[in-house]
Amino acid sequence: MYQVLENRIRETLAQFLRERYGIDVSIATSRPPKTDLGEIATPVCFELARRLRRAPRQLAEEIAPLLPPIPGVERWTVAGGGYLNAYLDRAAFFRDASLAGAAARAPHPEAPKIVVEHTNINPNKAAHIGHLRNAVLGDTFVRLLRHTGHRVEVQNYIDNTGVQVADVVVGFLHLENRRVEDVRQLAAQPKFDFYCWDLYARVTQFFEEDPARVELRNRTLKAIEEGYGIEAELAELIATAIVRCHLRTMERIGVEYDLLPRESEILRLKFWDAAFALLQQRGAVVYATSGKNAGCWVMPLSEADEATAAPEAKILVRSNGTVTYVGKDIAYQLWKFGLLDRDFAYRRFHTHPSGHTVWITASEAGEPDAPRFGRAAQVFNVIDSRQSYLQNIVAAGLRALGYHEQAERSVHFAYEMVALSPRCAEELGYPLSEEERRRAHVEVSGRRGTGVKADDLLDRLEARARAEVDARHPDDPDAERAARAHAIAVSALRYYLLKYARNTVVAFDFKDALSFEGETGPYCQYAVVRARNIFRKWAAQPTHSATAADGRLEVSLTPEQAARFLAPPEGNEFWELVLLAGSLDAAVEAAVVAQEPAFVAKYAFQLAQAFNNFYHRHHILTEADAARQAFLLMLTSLAMQQLEAALVLLGIEAPEKM
RNA sequence: GCGCCCGUAGCUCAGUUGGAUAGAGCGUCUGCCUUCUAAGCAGAGGGUCGGGGGUUCGAGUCCCUCCGGGCGCGCCA
């Protein structure tokens with residue numbers, strides 16, 4: 001609702017200034033520090049003052065009385081050195097916000113498609129907290145985009161033919177001397193991803209002990225890429241089993257996908273050949289005949305500099321003819337935009353708990369009723385910021401092909417890594433040097449098997465939540481308590497990963513992550529539960545049960561009464577809650593524009609905090625004045641609805657009881 | 001060496017195209033449960049926004065510079 005008012009004010013003001021002063025200026029708006037000063041302010045007169053060479057305060061005083069009426073705006077004042085401050089019609093805002101609710105905008109079926117690629121875990125070991133941050137950020141951003149009416153396709157890229165899978169294959173074959181059948185049995189076990197986590201770390205050690213063993217990896221990788229022998233068979237087996245483990249893990253926190261594109265198909269269907277032909281055709285790659293890159297196909301990244309003699313270039317095809325990761329990524333990015341003259345075949349792979357189907361790519365025999373994947377108008381790649389160099393090269397590749405618009409619309413949705421706080425690393429038994437102990441954080445290494453596994457963390461969160469739930473509601477059915485503990489655990493985890501801005505390194509710490517108090521997901525859920533309790537008890541009163549049976553709040557309150565309860569000064573505290581509750585749309589829009597899901601997390605917490613404060617000060621069920629009680633109920637309803645909606649966008653569900 | 005990011009309260013972090021008196025959580029201390037659930041609320045204390053210079057009506061925010069820290073820069077992915 002707030003955003004609607006903001007837009008009205010911006011448009012009206014811009015038009016007014018154009019007509020009266022002949023000036024085109026973008027109108028910035030902000031929230032005044034206190035509601036005494038109004039609800040929406042603009043410093044536009046300062047900008048105007050510069051252009052017209054007049055005093056800002058004088059201009060503001062001249063403009064304020066002349067502004068045309070704006071629906072929802074009661075009056076204007078001039079404040080400070082020349083702010084124009086709008087005072088909203090409180091009762092109208094309350095009514096409109098309550099009526100508008102928090103419904104998502106329906107996407108147009110023909111709207112341009114946005115592809116969001118996230119998760120992308122190497123299918124050779126269990127997921128860890130770093131992967132959780134990726135998935136939670138990506139998933140939340142997808143929810144925000146869909147809520148604002150965008151058509152979104154979620155892709156989770158599976159690098160099933162890479163070095164990491166090859167290493168685990170080497171582990172099974174040469175470290176453990178397993179046969180395919182042995183591995184097949186292991187892969188059917190529930191914690192196969194944990195098994196591979198340890199094996200992968202052992203393989204890393206195995207290579208370090210004797211560098212000559214790397215040859216094993218190279219042979220294995222080649223067999224996997226070309227798809228022959230026991231190695232390829234094992235790689236397929238392992239990667240598919242691990243992908244299923246990852247999907248299970250992500251389903252625990254409410255993350256779902258549309259498509260799993262696999263590297264094996266990019267190879268088999270010769271996506272690279274098509275991309276390479278394009279790159280050659282348009283002169284975007286050159287064959288190096290001399291220098292350190294002799295024998296390779298490279299993409300020049302800068303003009304040859306006479307001073308340095310060696311222009312910057314990225315190798316796309318190695319001298320042995322194999323394609324680098326970036327090369328394959330360029331091909332994949334081209335496919336996402338529908339710029340590659342080929343497509344995958346698709347098969348159903350899995351059904352999420354919601355009933356949604358996840359598709360996987362195939363090289364042949366696709367199912368005929370598969371949706372049309374790819375052909376995006378915009379692509380977000382959720383990848384940690386350590387890969388920004390490579391993401392830039394992918395975009396440079398598109399530009400080199402002349403696809404400037406698609407390069408612009410290739411967004412690296414970057415976020416900083418999740419490391420461990422030194423305390424946490426020591427808790428986990430990793431030895432630290434004196435120097436590391438003084439650091440803000442220490443990096444984990446999947447290669448060495450250090451880090452916090454996603455499922456372990458979730459188990460701990462659920463156990464902790466379960467203990468809290470059991471202490472409060474020992475007599476409730478077991479299944480209900482388990483479901484609530486799960487909802488609380490998910491909320492704690494998702495909020496913890498979403499409250500940090502993307503460019504903040506998260507120094508993971510069990511104490512913070514396992515907390516259910518203060519700025520946490522459970523705190524936000526608790527506010528919703530408190531509101532629900534009020535309605536449950538209110539509806540249980542004999543005189544109300546009839547009206548509340550359909551879940552809708554039916555109380556009688558005239559606009560005049562609402563206006564009276566919201567009037568300053570006594571009504572200010574209510575008005576501030578109304579205003580905040582009515583600002584979800586503005587928070588979501590800001591989050592989408594800035595690509596920063598943390599904005600919505602912060603908003604949810606603020607609203608929960610404001611509601612808890614209100615809850616504490618006003619006892620609704622014992623309110624004697626019927627009109628006042630009706631008002632308080634409506635206010636509670638508004639705050640609850642908006643908070644619930646904000647939480648759903650964060651992937652958090654409030655349980656009935658806590 | 002080059003590139004990107006960060007430096008705000010004891011700790012962890014917000015601070016939306018530059019805007020009004022810089023905020024929150026945790027921790028510390030003090031109060032509040034016969035009340036709609038205390039996973040809560042209220043209060044106290046805590047700041048040269050890393051240092052210096054500049055831009056302007058106005059800088060935590062933009063520019064320059066220095067200091068400190070993180071991450072990249074491979075015929076790995």
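Note on naming: letters A, B, ... go to the chains in the order of the sequence lines (proteins, then strands), and numbering restarts at 1 for each one.
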Please report the distance, rounded to the nearest Å, between [atom1] in [X] and [atom2] in [N].
X      : N     : atom1 : atom2 : value
A:R472 : B:A38 : CZ    : C1'   : 9 Å
A:Y615 : B:C33 : OH    : P     : 15 Å
A:M658 : B:G40 : CE    : C1'   : 11 Å
A:N503 : B:C13 : CG    : C1'   : 12 Å
A:R31  : B:A20 : CZ    : C1'   : 14 Å
A:N320 : B:C76 : CG    : P     : 8 Å

Requested in this report: Pull up the glycosidic torsion of B:C57 and say syn or anti, syn being anything within 90° of 0.
Outcome: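 Anti for B:C57; the angle lies over 90° from 0.
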Requested in this report: Examine the base of B:C5 for any acceptor or donor lying under 3.5 Å from a partner atom in the side chain of A:S385, and report the outcome as yes or no.
Outcome: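 No pair found.
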Quote, to the nearest angstrom, the [atom1] distance that separates [N] from [M].
N     : M     : atom1 : value
B:G18 : B:U56 : C1'   : 10 Å
B:A39 : B:G72 : P     : 43 Å
B:A9  : B:G46 : P     : 14 Å
B:C13 : B:G70 : P     : 15 Å
B:C73 : B:G54 : C1'   : 32 Å
B:G60 : B:U8  : P     : 15 Å

Query raised in the report: With both distances under 3.5 Å as the test, what is the Watson-Crick or G-U wobble partner of B:G40?
Result: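 Base partner found: B:C32.
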Requested in this report: May I ask which nucleotide in the shown strands pairs with B:U12, Watson-Crick or G-U wobble, both distances under 3.5 Å?
Outcome: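 Result: B:A24.
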Requested in this report: Verify, without hydrogens or angle tests, whether A:T42 (side chain) and A:L84 (backbone) share a donor-acceptor contact under 3.5 angstrom.
Outcome: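 No; zero donor-acceptor contacts below 3.5 Å.
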Query raised in the report: Can you tell me if A:H473 uses its side chain to pair, donor with acceptor, with the backbone of A:M658 under 3.5 Å?
Result: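 Yes; judged by distance alone, with no hydrogens or angles, the pair exists.
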Requested in this report: Quick one: sort the A:Y496 and A:Y500 rings into parallel, tilted or perpendicular, breaks at 30° and 60°.
Outcome: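 Plane angle over 60°, so perpendicular.
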Requested in this report: Indicate, with yes or no, if the rings of A:Y523 and A:F605 have centres closer together than 6.0 Å.
Outcome: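 Under 6.0 Å, so yes.
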Requested in this report: With side-chain contact (heavy atoms from CB on, under 4.5 Å) as the test, would you mind laying out the steps for A:L649 and A:V588 before giving the verdict?
Outcome: CA-CA 9 Å; A:L649 289 171; A:V588 170; 3.6 Å; yes
Query raised in the report: If we require ring centres under 5.5 Å and near-parallel planes under 30°, does A:F605 stack on B:A24?
Result: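 Here A:F605 fails the 5.5 Å or the 30° condition.
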